[in-house]
Amino acid sequence: MGIHNLAKLIADQAPAAIKEGEMANYFGRKIAIDASMSIYQFLIAVRQNGENLTNDSGETTSHLMGMFYRTIRMIENGIKPVYVFDGKPPQLKSKELEKRLERRTEAEAEKTKAADAGDGEAFDKFARRTVKVTREHNDDCKRLLTLMGVPYVDAPTEAEAQCAALVKQGKVYGVGTEDMDALTFGADVLVRHLTFSETRKMPIREYSLTKALQGLGINFEEFTDLCILLGCDYCDSIKGIGQKRALDLIKQHRNIETILKNIDKKKYAVPDDWAYEQARQLFKVPEILPADATDLKWTEPDEDGLVSYMVKEKGFS
DNA sequence: CGTGTCC
DNA sequence: TCCTCTGGCGCAAGACACG
DNA sequence: TGCGCCCGAGGAC
């Protein structure tokens with residue numbers, strides 16, 4: 001996920017792009033959030049004895065618990081969240097997704113083994129690795145959000161791309177995410193640690209794309225190529241080229257084509273059939289909804305409906 | 001601040 | 001020698017209330 | 001799984 005070491009590179013090379021603050025600074029602000037990513041985190045973190053929380057019927061409730069409290073906290077602080085759900089992943093990501101499926105299958109086997117051996121600790125560890133966000137999880141959360149009066153958007157493909165689009169379209173102030181590729185998709189404002197600032201001792205960090213570009217001394221096209229060199233989900237990167245060399249090369253040659261013409265390919269092996277051009281296209285013109293296709297409205301919660309859903313259906317108290 | 005509980 | 005990347009390891013990934 | 005941290009192996013200078 002994300003762009004390898006991009007946060008570190010910005011912190012080192014363009015520190016002025018990062019602003020630290022607290023939740024109160026976001027009062028009245030609209031923030032786009034990757035719903036599927038949040039749900040994934042909740043499913044991994046909200047556990048008891050190695051298993052997700054469930055209601056009496058055995059349905060998982062960890063994701064509802066997490067999303068409910070987190071959303072309430074944001075609203076209490078005057079933040080207007082809009083959740084963005086993942087659509088179909090782009091073709092270019094299929095290799096990465098295959099890898100993830102393989103790892104899950106492997107973890108599934110290890111989990112069974114640990115259960116048979118009565119090793120609770122190992123069971124817990126591998127159970128977390130088998131987590132997959134399902135259609136049902138998403139639908140549950142959409143229902144919850146509707147009842148809470150919080151809008152959501154179904155992205156055509158990548159949620160982060162759609163979040164960035166909402167920023168570019170002026171519909172929200174920024175993207176609330178840990179995933180730095182929101183910047184690569186062109187979101188001017190990215191907010192990290194938005195929700196866990198008060199519980200943990202981690203300040204909210206706001207990244208400005210404009211200031212990052214200024215600090216790094218490159219333009220947005222060059223930034224896209226830089227991100228590909230650093231390592232993204234869509235293609236391999238060149239072994240031996242990390243944050244420093246990547247930035248130096250971009251500053252010197254301005255794009256990947258020129259870099260390829262100038263580097264010693266014996267020292268830096270370029271991946272076979274390197275799909276950097278397609279990756280670049282995905283970042284540059286991702287599939288997103290046009291501005292008039294999303295209507296973001298925050299309304300009063302349906303309290304009776306919430307009680308009925310959460311308490312009666314899902315077993316909350 | 002660590003620990004247990006939520007479902 | 002210095003710099004930079006790599007690869008190893010350990011850890012925690014939510015939110016809250018309570019003592 | 002990803003991240004921060006530390007260390008060693010190379011090239012870079």
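Order of the sequence lines sets the chain letters (A, B, ...), proteins ahead of strands, with each chain counted from 1. Note that these values count all heavy atoms, side chains included, but never hydrogens, waters or copies made by symmetry.
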How many Å lie between [atom1] on [X] and [atom2] on [N], as a whole number?
X: A/Met180; N: D/dC3; atom1: CE; atom2: P; value: 10 Å
X: A/Leu6; N: D/dC3; atom1: CG; atom2: P; value: 11 Å
X: A/Met202; N: C/dA13; atom1: CE; atom2: C1'; value: 11 Å
X: A/Met37; N: C/dA13; atom1: CE; atom2: P; value: 17 Å
X: A/Asp12; N: D/dC5; atom1: CG; atom2: P; value: 12 Å
X: A/Arg128; N: C/dA12; atom1: CZ; atom2: C1'; value: 8 Å
X: A/Tyr40; N: C/dA12; atom1: OH; atom2: P; value: 17 Å
X: A/Asp124; N: C/dA13; atom1: CG; atom2: C1'; value: 11 Å

[Y] side chain reached by [X] side chain, heavy atoms, under 4.5 Å:
X: A/Glu313; Y: A/Arg143; answer: yes
X: A/Leu306; Y: A/Leu144; answer: yes
X: A/Asp302; Y: A/Tyr309; answer: no
X: A/Met74; Y: A/Met23; answer: yes
X: A/Leu194; Y: A/Ile79; answer: yes

What's the gap between [N] and [M] when it is taken at their [atom1] atoms, as a whole Å value?
N: B/dC1; M: C/dA13; atom1: P; value: 15 Å
N: D/dA12; M: C/dT6; atom1: P; value: 13 Å
N: B/dT5; M: C/dC11; atom1: C1'; value: 22 Å
N: C/dA12; M: B/dG2; atom1: C1'; value: 15 Å

Under 3.5 Å, which N/O atoms of the protein pair with N/O atoms of nucleotides 3-7 of chain B?
{"from": "B/dC7", "atom 1": "OP1", "to": "A/Ser317", "atom 2": "N", "distance (Å)": "3.1"}
{"from": "B/dC7", "atom 1": "OP1", "to": "A/Ser317", "atom 2": "OG", "distance (Å)": "3.2"}
{"from": "B/dC7", "atom 1": "OP2", "to": "A/Ser317", "atom 2": "OG", "distance (Å)": "3.2"}
{"from": "B/dC7", "atom 1": "O3'", "to": "A/Thr61", "atom 2": "OG1", "distance (Å)": "3.0"}
{"from": "B/dC7", "atom 1": "O3'", "to": "A/Lys314", "atom 2": "O", "distance (Å)": "3.1"}
{"from": "B/dC7", "atom 1": "O2", "to": "A/Thr54", "atom 2": "N", "distance (Å)": "3.0"}
{"from": "B/dC7", "atom 1": "O2", "to": "A/Thr54", "atom 2": "O", "distance (Å)": "3.2"}

Expected list for residues 221-237 of chain A: side-chain donor-acceptor pairs under 3.5 angstrom, two or more places apart:
{"from": "A/Glu222", "atom 1": "OE1", "to": "A/Asn219", "atom 2": "N", "distance (Å)": "2.9"}
{"from": "A/Glu222", "atom 1": "OE1", "to": "A/Arg254", "atom 2": "NH1", "distance (Å)": "2.9"}
{"from": "A/Glu222", "atom 1": "OE2", "to": "A/Arg254", "atom 2": "NH1", "distance (Å)": "3.4"}
{"from": "A/Thr224", "atom 1": "OG1", "to": "A/Phe220", "atom 2": "O", "distance (Å)": "3.0"}
{"from": "A/Asp225", "atom 1": "OD1", "to": "A/Arg280", "atom 2": "NE", "distance (Å)": "2.9"}
{"from": "A/Asp225", "atom 1": "OD1", "to": "A/Arg280", "atom 2": "NH2", "distance (Å)": "3.4"}
{"from": "A/Asp225", "atom 1": "OD2", "to": "A/Ile256", "atom 2": "N", "distance (Å)": "2.9"}
{"from": "A/Asp225", "atom 1": "OD2", "to": "A/Arg280", "atom 2": "NH2", "distance (Å)": "2.8"}
{"from": "A/Asp233", "atom 1": "OD1", "to": "A/Met1", "atom 2": "N", "distance (Å)": "3.2"}
{"from": "A/Tyr234", "atom 1": "OH", "to": "A/Glu158", "atom 2": "OE2", "distance (Å)": "2.5"}

Looking just at side-chain N and O atoms, do A/Thr177 and A/Asp34 make a donor-acceptor pair shorter than 3.5 Å?
no
Without hydrogens or angle criteria, can the side chains of A/Gln281 and A/Tyr276 be said to hold a donor-acceptor pair below 3.5 Å?
no
Provide the Watson-Crick or G-U wobble partner of C/dT4, both distances under 3.5 Å; none if there is no partner.
D/dA9
Tell me whether the OP1 or OP2 atom of D/dC3 has a side-chain N or O from A/Lys8 closer than 4.0 Å.
no
Quick one: is C/dG14 close enough that its OP1 or OP2 comes under 4.0 Å of any side-chain N or O from A/Gln41?
yes
Cation-pi check, A/Lys142 to A/Phe85: give yes when NZ or CZ is under 6.0 Å from the six-membered ring centre and within 45° of the ring axis, no otherwise.
yes
Decide whether A/Leu190 and A/Ile288 are clustered together by the hydrophobic rule: side chain heavy atoms of Ile, Leu, Val, Met, Phe, Trp, Tyr closer than 4.5 Å, transitively.
no
How does each nucleotide of nucleotides 2-10 of chain C score, in 5' to 3' order, for protein heavy atoms under 4.0 Å: base (B), sugar-phosphate only (S), or none (-)?
--SSSS---
Describe the nucleic acid contact of A/Phe68 in one word from base, sugar-phosphate, nothing, applying a heavy-atom distance below 4.0 Å.
nothing
